[in-house]
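Presented below is the structure to which this report refers.
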Amino acid sequence: MFNIVVMKTILAAYIGVLRGTGSIILSALQSLLSVRWAWCPRLEKQVQVFSVMQFIASFLIMGPICSVVMLYLLWTDYWWVTASYTTWLFYDWNTHKQAGRRFSWVRNWTVWTHYRDYFPIRLIKTHNLLTNRNYILGYHPHGIFCFGALCNFATEANGFSAKFPGITPFVATLAGNFHMPLAREYLMSAGNAVVITVGGAAESLDCTPGVHCITLKNRKGFVKLALQQGADLVPVYSFGENDVYKQLILDEGSWWRLIQRRLQKILGFAPCVFQGRGLFSPDTWGLFPYSKPINSVVGKPMEMPKISSPSQEEVDHYHTMYMSSLTQLFDKHKTHFGLREEDVLVIH
């Protein structure tokens, strides 16, 4: 509608100039354009905020809300909707273990480009990934919501397919997320490359601005899987992932920390005590992330042999190599993204 008004104004101005009475109309056109440039940036920012909000809402409440709605419909005249979907759920229960159902149109939604631009988020390629190899990408750090992992690997907002042609990424998440009605379909719509946030929920308990601490020392299952499948390991470090929220870090050994750890094991996710900005203003308190740059650097693939039954010594050997490769990636790129030379990656 706005474009139609602009075109009509331009046409009127042109006709007015030909008739010698266009000065007033041209002045009006200039005013119109100045108003456009005044409100467009604000509108664009609000669209970006909405794009991030829809992800947070779908991540936190979409599953529970859909579950409640399905349960409610069971006691109404629309009980058949719940019955039909439940039947489908049992039939489709294991689809998420078999690469899910990818829909390119979901990965290419315009909403993801606005989501990307809010922070902004960038994907930095350092090496090629060969199409005749399988890969497991280890994403670090987890952060609160894995904003960088979603944007770069679950969507095409940063052109993953163009940067790594022939490579199809699948982002792994908690199995429980695929057991909630309708939300599971959304997650599955989001190959030869699996992206794993190795530190998981436990790592999110340590994320806060200025902290570069990851949970990796005792996370060796992904290395064993890589050896069994002959999949190359690729370290990915996302600079800025920890900067979008402030978190209250509880002291190790304290009762509150022990409660956090216990709840994390029971619930499958970490009950973090974090703070962000308000939804409508960056100067107020809220649960919305701060607009901080996130730069995800994809490192050099670590070639892995295929060993159907790797020994613990073999797993430990390649796990040590992976930690070294990740540390080198961090050290090489840290100063490019505002870190100091003396900043180090702490591995727990």
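In what follows, every heavy atom counts, from backbone to side chain, and hydrogens, waters and symmetry copies are set aside.
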Query raised in the report: Within the distance-only criterion (no hydrogens, no angle test), does the side chain of Asn295 pair as donor or acceptor with the backbone N or O of Ile124 below 3.5 angstrom?
Result: no
Report task. List the steps, then state whether side chain to side chain donor-acceptor pair (under 3.5 Å) holds for Ser58 with Gln54. Result -> CA-CA 6 Å; Ser58 63; Gln54 65 84 24; 4.7 Å; no
**Report entry** Set of side-chain hydrogen bond (donor to acceptor under 3.5 Å, both in side chains) partners for Tyr78, sequence neighbours left out
**Finding:** none
Query raised in the report: Between Ser291 (side chain) and Tyr118 (backbone), is there a donor-acceptor pair under 3.5 Å?
Result: yes
Query raised in the report: Do the charged groups of Asp343 and Lys334 touch, with an N to O distance under 4.0 Å?
Result: no
Report task. Give a yes or no on this: more than 12 heavy atoms of other residues, nucleotides or ligands lie within 6.0 Å of atom NZ of Lys246. Result -> no
Report task. Rounded to the nearest 0.5 Å, what's the gap from CD on Glu241 to CD1 on Ile214? Could you check? Result -> 13.0 Å
**Report entry** Any residue meeting side-chain contact (heavy atoms from CB on, under 4.5 Å) with Lys332, in chain and number order, not counting sequence neighbours
**Finding:** none
Query - Main-chain N/O of Gly199 paired with Arg219 side-chain donor or acceptor, under 3.5 Å - result: yes
Query raised in the report: Does any N or O in the side chain of Gln275 come within less than 3.5 Å of the main-chain N or O of Trp285, such that one atom is a donor and the other an acceptor?
Result: no
Query raised in the report: Quick one: does Thr76's side chain have a donor or acceptor within less than 3.5 Å of a partner on Leu73's backbone?
Result: yes
Query raised in the report: Taking only residues two or more places apart in sequence or in another chain, which ones pass side-chain contact (heavy atoms from CB on, under 4.5 Å) with Ser311?
Result: Glu313, Glu314
Report task. Using the side chain to side chain contact (heavy atoms under 4.5 Å, CB included) rule, pick out the option among Leu137, Ile136, Val195, Leu329 that qualifies with Val234. Result -> Leu137
